[in-house]
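Structure first, then comments.
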2 protein chains.
Amino acid sequence: MARKPADQSVSRDEILVAAAEVLQRNGYEAATMKDIAAAVNLTAASLYHHFRNKDTLMLAVLEAGLSHIMGRIEPIAHDTKVPSAIRLRRMIAEHIIGLTQNTAVGAAMVFEIRTLMTFRLPVGDALSIQEQEFAARRDAFFARRDEFELLFRHVIRQGIDSGEFRPVDVPIFTKTLLGAHNWVGVWYKPNGRLDGAGIAERTADYFLAALRQNEPQG
Amino acid sequence: MARKPADQSVSRDEILVAAAEVLQRNGYEAATMKDIAAAVNLTAASLYHHFRNKDTLMLAVLEAGLSHIMGRIEPIAHDTKVPSAIRLRRMIAEHIIGLTQNTAVGAAMVFEIRTLMTFRLPVGDALSIQEQEFAARRDAFFARRDEFELLFRHVIRQGIDSGEFRPVDVPIFTKTLLGAHNWVGVWYKPNGRLDGAGIAERTADYFLAALRQNEPQG
DNA sequence: ATTATAATCAAATACGGGTTTGATTGTTCG
DNA sequence: CGAACAATCAAACCCGTATTTGATTATAAT
């Protein structure tokens with residue numbers, strides 16, 4: 001039925017990896033299908049065999065990136081036998097190290113999100129089937145992104161309830177935390193003073209300090 | 001020599017404001033000169049009377065935004081009679097409130113920065129005069145942006161030196177702080193549960209808690 | 001008034017890039 | 001083998017958009 005990937009043929013995943021890199025370098029609009037295709041030794045036309053269009057391709061990049069990081073953080077978040085402080089520290093480390101290891105996806109998650117957010121679906125006219133599918137996938141992506149945020153919220157909430165953490169405004173604290181993380185994906189450069197682990201360690205230190213109960217002073 | 005702005009004529013500043021809004025809605029590449037022009041009841045061609053080209057226009061938007069926020073934060077940072085903790089709290093508030101008051105510029109400062117960063121100046125060929133000017137302005141913008149970050153670094157450094165704050169990795173702490181701020185410009189929506197002041201208050205609370213000296217416990 | 005220039009627009013230009021089409025080649029399965 | 005389909009490309013299509021050009025009008029300075 002289907003042919004097995006031969007020497008010359010390029011897998012969907014390879015395209016996604018290459019596309020993420022091109023997106024990081026250029027941004028969505030500036031990244032041409034030709035650029036992305038060239039990164040895997042294809043022509044632009046060939047990409048349309050794998051993806052319906054450019055939008056779908058970018059969405060697939062974001063989906064893959066989110067799935068990957070979710071897969072790594074979800075187990076940590078759900079390991080409720082571990083104290084919240086330790087879980088949170090591990091989640092922070094995993095997230096930041098993940099972002100620094102794959103800066104392409106890290107930057108895409110920050111910058112290209114807006115391309116999705118501001119997506120101009122034709123208003124007034126009825127949506128074509130393709131457009132409906134795309135809108136649904138986009139919505140699903142954002143839902144999954146909310147779930148990701150909830151992982152952090154829950155751990156913080158649990159820490160507060162258990163008395164490990166002082167009470168904070170959980171939504172705001174979480175957005176503060178994730179904003180700091182995302183920004184790492186923007187400024188991080190390999191060969192800097194610190195590697196991902198070093199940045200993660202310090203970041204976790206600061207946020208856990210912010211959550212620490214105020215011991216009676218004296 | 002020059003005519004006074006008449007009823008019909010549009011000022012450079014009005015264009016910048018409108019452009020910021022269009023940029024926020026659509027992003028740099030998706031925002032057309034026609035869109036921006038329409039926002040001030042002009043044609044695309046007329047914009048070229050005010051700005052050399054699209055790149056220059058966007059850079060001017062960012063410059064104006066950065067100048068505005070710098071102007072508000074610099075005096076606070078330099079008021080060294082005030083304790084570092086209070087100064088930092090005020091700077092955080094000013095920054096976040098500023099971002100929430102002008103979400104257009106706030107989002108542009110996050111998203112369009114990359115457009116500048118990844119700017120493809122023709123390599124190999126000699127740069128034209130225009131390109132040289134643009135490159136210089138872009139560099140100046142980033143330098144000014146570094147200065148902005150330094151305002152925060154210095155206050156934190158001073159707080160550590162004076163013993164108000166515990167020792168932290170100042171560059172990382174600052175990037176963490178500013179990342180959280182920038183992210184506010186992305187997720188903030190008017191009519192949410194909290195206004196800018198509420199978000200600012202909580203954010204400052206968390207970061208100052210992270211800087212608090214650990215009192216001997218017990 | 002006359003001149004210079006600020007501010008504007010309509011129309012033309014130039015060109016890049018997303019997408020489609022149609023053909024070709026190989027592979028797998030029955 | 002032969003049918004079906006996966007994977008690819010060259011070439012064409014189409015359209016949008018940044019930018020230029022040339023003309024027009026209003027204002028300010030002399």
Side-chain angles (χ1 to χ4, degrees), chain A residues 1-16 18-19 22-23 25-61 112 115 119-122 125 128-131 133-134, chain B residues 1-16 18-19 22-23 25-61 112 115 118-122 128-131 133-134:
Chain A
M1 195 157 168
R3 102 168 179 189
K4 204 176 356 179
D7 294 349
Q8 298 294 19
S9 97
V10 172
S11 79
R12 185 189 155 92
D13 278 358
E14 289 172 299
I15 296 175
L16 288 182
V22 176
L23 280 176
R25 264 205 308 283
N26 303 327
Y28 176 71
E29 300 286 349
T32 70
M33 293 297 271
K34 199 177 152 200
D35 293 338
I36 296 170
V40 285
N41 289 313
L42 289 181
T43 60
S46 300
L47 291 181
Y48 288 82
H49 184 68
H50 299 271
F51 300 92
R52 210 195 306 291
N53 56 34
K54 191 185 176 188
D55 302 330
T56 308
L57 170 54
M58 181 205 54
L59 182 51
V61 169
E112 307 315 339
T115 307
F119 219 79
R120 48 201 177 237
L121 286 170
D125 295 340
S128 72
I129 302 283
Q130 289 192 14
E131 287 164 344
E133 283 178 10
F134 182 82
Chain B
M1 195 159 165
R3 100 167 182 192
K4 203 173 5 179
D7 295 351
Q8 298 294 18
S9 96
V10 172
S11 79
R12 185 189 155 92
D13 278 358
E14 288 172 298
I15 296 175
L16 288 181
V22 176
L23 280 175
R25 264 205 307 284
N26 303 327
Y28 176 72
E29 300 286 350
T32 70
M33 292 298 269
K34 198 175 153 200
D35 293 338
I36 296 170
V40 285
N41 290 313
L42 289 182
T43 59
S46 300
L47 292 182
Y48 288 82
H49 183 69
H50 299 272
F51 300 93
R52 210 195 306 290
N53 55 35
K54 190 183 176 187
D55 303 330
T56 308
L57 170 54
M58 182 204 53
L59 182 51
V61 169
E112 308 315 339
T115 307
T118 66
F119 220 78
R120 54 217 161 221
L121 286 172
S128 72
I129 302 282
Q130 290 191 15
E131 286 165 344
E133 284 178 10
F134 182 81

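Labels below follow one simple rule: chain letters A, B, ... track the order of the sequence lines, proteins then strands, and each chain is numbered from 1.
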State, with a plain yes or no, whether a side-chain heavy atom of [X] is found less than 4.5 Å away from one of [Y].
{"X": "B:Ile36", "Y": "B:Leu42", "result": "no"}
{"X": "B:Met33", "Y": "B:Tyr48", "result": "yes"}
{"X": "B:Arg52", "Y": "B:Leu57", "result": "no"}

Could you state the [atom1]-[atom2] distance from [X] to [N], rounded to the nearest angstrom?
{"X": "A:Leu42", "N": "C:dT25", "atom1": "CG", "atom2": "C1'", "value": "15 Å"}
{"X": "B:Leu47", "N": "C:dA7", "atom1": "CG", "atom2": "P", "value": "13 Å"}
{"X": "A:Asn41", "N": "D:dC9", "atom1": "CG", "atom2": "C1'", "value": "13 Å"}
{"X": "B:Arg12", "N": "C:dA7", "atom1": "CZ", "atom2": "P", "value": "12 Å"}

## Note on the structure
A:Arg12 meets the side chain to side chain donor-acceptor pair (under 3.5 Å) criterion, sequence neighbours left out, with none
With a cut-off of less than 4.0 Å, is there a side-chain N or O of [X] near OP1 or OP2 of [N]?
{"X": "B:His50", "N": "C:dT8", "result": "yes"}
{"X": "A:His49", "N": "D:dA6", "result": "no"}
{"X": "A:Ser46", "N": "D:dT8", "result": "no"}

### Heavy-atom donor-acceptor pair, B:Asp35 side chain to B:Thr32 backbone, under 3.5 Å
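It does hold such a pair.
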#### Entry: Base-contact (B) and sugar-phosphate-only (S) positions in nucleotides 15-22 of chain D, heavy-atom cut-off under 4.0 Å, - elsewhere
--SSBB--
### Query
Between B:Tyr28 and B:Lys54, is there a cation-pi geometry (under 6.0 Å to ring centre, at most 45° from the normal)?
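Yes, a cation-pi geometry holds between B:Lys54 and B:Tyr28.
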